[in-house]
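Quick notes on the structure that follows.
Note that the structure is predicted; figures quoted are calculated from it, not measured. Each chain gets a letter, A, B and so on, in the order its sequence line appears, and its residues count up from 1.
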Number of protein chains: 2
Amino acid sequence: MAQKVKLSTIAESLGLSTATISLALRDSPLVAVDTREKIKEQARLLGYIYNRRAASLRTSRSGIIGVVVHDIMNPFYGEILKAIETELDRSRHTFILSNHYDSVDKQRMFVETLLQLGGDGVIMSPAIGTPAEDVALAENNGMPAIFVARSMEGVDVPIYRGDDSYGISLATNHLIGLGHRSIAMIGGTDQTSTGRDRYQGYVNALRKAGIEVDPGLRIPGPRTKQGGFEAAVNFLSLPQKPTAAVCWNDLVAIGLMNGIARAGLIPGQDISVTGYDDLEEASIATPSLTTVWNGQAEVGRLAARALLDKLAGSHEPDGIHLIKPEMRIRQSTGPIRR
Amino acid sequence: MAQKVKLSTIAESLGLSTATISLALRDSPLVAVDTREKIKEQARLLGYIYNRRAASLRTSRSGIIGVVVHDIMNPFYGEILKAIETELDRSRHTFILSNHYDSVDKQRMFVETLLQLGGDGVIMSPAIGTPAEDVALAENNGMPAIFVARSMEGVDVPIYRGDDSYGISLATNHLIGLGHRSIAMIGGTDQTSTGRDRYQGYVNALRKAGIEVDPGLRIPGPRTKQGGFEAAVNFLSLPQKPTAAVCWNDLVAIGLMNGIARAGLIPGQDISVTGYDDLEEASIATPSLTTVWNGQAEVGRLAARALLDKLAGSHEPDGIHLIKPEMRIRQSTGPIRR
DNA sequence: CTGAAAGCGCTTACAG
DNA sequence: CTGAAAGCGCTTACAG
């Protein structure tokens, strides 16, 4: 590798000052057009690489945006990330991604690293148990935060997520409308805002229909296919013999359907199953999954836009921005069989 | 937000020099133990945030490692990334992730950004059509590259991936052993080294068994569930009436099984299907998927280790490091029905 | 064991 | 339209 090419290398080779080179490369109108062209050509020839660390040390903006979620391998977050990526690419920001796996420590380390790198902002789906100080750490050091998919007490940042309580009530009402009365709720936890909201939406829908809520029909568990798959055994051995299941999300629903099928029953006929999120995969599951569209792409797009706007100086209103979920009826639900 | 706390802030507050502070915070034995403790305590009190850009400008090492693959939402890459993450976390490196979606331009922009940030190294699964210059760009600027999952002509970097030709022959032989003679190959492309190797392994296995290779039984397509699902229609309408399908990967296989089931046939009984990769999901698919373990976690772990070793100065041998695949027999394959 | 000083590669007022 | 110079916040020989 040859000598390192920097602004002064270009400057000397052209008999100009580094100030002029710097301005020209950033398309400043202060530099005469032909000088600018000559400079750019020379930079290309010499294989110049812009040193962002030096620039950012001077300007104190890095162009880096951090994104931290529970698990990027979960397609729910994947769909949010894809939308964020699209939006940030457009504005030439670099994004740094991390999983926190609901470890508050891992999340805090990420925020610290981001601060050390001079991150301009952070989009997070806060880990369970995140203390308000960890969010304040970012904000107090000039790195605004935006939340996606999860809320948190005691912080005052913009939040983008679906209306979980309403969404799950859509699914529950759909099953009630098909004649089901014994409806289980599978997967998830009550430790997140999302979890509490979804359970509440399910409870409210049942009550409104005059159906007594049976806590024995709640089977919490991991929010994964594996979780749904393993819940199938418990579900099928419930003494209440539920005829339908409202699942925490599509992954749990697909896992549950696999488990039900293994037991020789036909999901969508013997047992009705609803998902949540409307992942790309929901429509090609067999049977295709009745689920609730949860607007992941919208959440990601809006959150990224909000952050960029904030960085550009506009004063976005804080508080919760709820995306309205919509029902997607497919083959995994059907009328109750007598 | 208060005044920015920097080394000199701490230095002044304690009546010491920035040199001493800098050394103390990095645990240099040059600083007396009690001085060191006092300094660390003060740094904590003042809420000091280490400025990595400044440090890295000085030392020309950033602690940043880039990772770029086709699509992080694909669980195959997800499993590789998870292993890389585990390995890099341990050594306190920050990793920056990107998809290239097989766009050479997007990949090059990523490499350039990484160079601008002073990236120490890059792990890549090169986009289809990557020119050797794009890899040289990284290497010539002091940023070593390691490949995962895909090879490329004309570059001399360490490569970690599965032995595709051998792996697919395992799957093909398994089907032949069950009595299948008309075996289709579904999904994938011939534009990657992986694609060519897998097709060749399939062809070789057939030939070795004395089965004529019928190009009409090759149905290329996207390497996704959706791709497999959509291929089912073509597969089922082939005039050759194949009784088995070797799929490019687990995603294609699961999609194909869904499509077959939609058509009223039972995968694993009417049609035998093999996957490739042994994703976590393979074992809970219904029927559970017979597939080939492809060592994603190994690939990620070894590639990350190799890069860290290289950065630490050791001279890893370049060239291909092949992981030996293994057969995983489950329920999606069975003896041919007459 | 601690300090003074130079320098990493940019950008930005300011001067001309 | 272009240049000289200061400074962003660190680290590192070097001196004491």
Side-chain angles (χ1 to χ4, degrees), chain A residues 2-40 42-43 46-64 112-113 115-120 141-142, chain B residues 2-40 42-43 46-64 112-113 115-120 141-142:
Chain A
Q3 279 290 49
K4 191 133 209 171
V5 178
K6 42 193 173 176
L7 285 192
S8 64
T9 318
I10 304 176
E12 283 162 23
S13 78
L14 291 175
L16 291 167
S17 74
T18 58
T20 303
I21 310 295
S22 171
L23 291 169
L25 291 180
R26 283 174 299 131
D27 284 318
S28 163
L30 286 175
V31 180
V33 177
D34 49 343
T35 314
R36 208 193 301 169
E37 287 315 311
K38 205 186 312 168
I39 290 172
K40 289 193 166 184
Q42 183 74 348
L46 295 175
Y48 171 68
I49 289 168
Y50 180 67
N51 187 327
R52 282 215 214 185
R53 294 164 292 174
S56 140
L57 184 57
R58 183 59 225 257
T59 62
S60 73
R61 289 199 75 176
S62 64
I64 291 175
E112 276 169 10
T113 300
L115 285 169
Q116 293 178 355
L117 291 170
D120 292 338
N141 285 287
Chain B
Q3 279 291 49
K4 190 133 209 170
V5 179
K6 43 191 172 176
L7 286 192
S8 64
T9 318
I10 304 175
E12 283 162 23
S13 78
L14 291 175
L16 291 166
S17 75
T18 57
T20 305
I21 310 296
S22 172
L23 292 169
L25 291 180
R26 284 173 300 132
D27 284 318
S28 164
L30 287 174
V31 180
V33 177
D34 50 342
T35 315
R36 208 193 302 169
E37 286 314 311
K38 205 188 310 168
I39 289 173
K40 287 193 166 185
Q42 183 74 348
L46 294 175
Y48 171 68
I49 289 167
Y50 179 65
N51 187 327
R52 280 216 215 184
R53 294 165 292 175
S56 139
L57 185 56
R58 184 59 227 254
T59 63
S60 73
R61 290 199 74 176
S62 64
I64 291 176
E112 277 170 10
T113 300
L115 285 169
Q116 293 178 356
L117 292 170
D120 292 337
N141 285 287

Minimum heavy-atom distance [X]-[Y], with the two atoms named:
{"X": "A:G119", "Y": "A:S62", "value": "CA-OG, 3.7 Å"}
{"X": "B:I10", "Y": "B:Q42", "value": "CG2-CG, 4.0 Å"}
{"X": "A:A24", "Y": "A:V31", "value": "N-CG2, 3.8 Å"}
{"X": "A:L25", "Y": "A:Y48", "value": "CD1-CE2, 3.6 Å"}
{"X": "B:S8", "Y": "B:T18", "value": "CA-CG2, 3.6 Å"}
{"X": "B:T113", "Y": "A:R52", "value": "CG2-NH2, 3.1 Å"}

Straight-line distance of [X] [atom1] to [Y] [atom2], nearest 0.5 Å:
{"X": "B:I39", "Y": "B:R36", "atom1": "CD1", "atom2": "CZ", "result": "9.5 Å"}
{"X": "A:T35", "Y": "A:L30", "atom1": "OG1", "atom2": "CG", "result": "12.0 Å"}
{"X": "B:Q116", "Y": "B:N141", "atom1": "CD", "atom2": "CG", "result": "11.0 Å"}
{"X": "B:R53", "Y": "A:R58", "atom1": "CZ", "atom2": "CZ", "result": "13.0 Å"}

Over all strands shown, is A:A55 touching base, sugar-phosphate only, or nothing at heavy-atom distances under 4.0 angstrom?
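A:A55: backbone/sugar contact only, no base atoms under 4.0 Å.
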
So what does B:G15 hit on the nucleic acid, given a heavy-atom distance under 4.0 Å: a base, only sugar-phosphate, or nothing?
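If one applies the 4.0 Å heavy-atom cut-off, B:G15 turns out to touch the sugar-phosphate alone, with no base involved.
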
Can you list the stems that include DNA chain C, where a stem is three or more consecutive Watson-Crick or G-U pairs with distances under 3.5 Å?
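Stems (3+ consecutive pairs) listed as C:1-3 with D:14-16, C:5-12 with D:5-12, C:14-16 with D:1-3.
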
Which residue lies toward the 5' end of DNA chain C, B:S17 or A:L57, if each is placed at its nearest nucleotide?
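Final value for this comparison: B:S17.
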
Any residue in residues 22-39 of chain A with a heavy atom nearer than 4.0 angstrom to DNA chain C? Just list them by number, or reply none.
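A:S22, A:R26, in order of number.
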
For chain B, the stretch of DNA chain D it reaches, first to last nucleotide, under 4.0 Å of its heavy atoms
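Here the contact window of chain B covers D:dG9 to D:dT12.
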
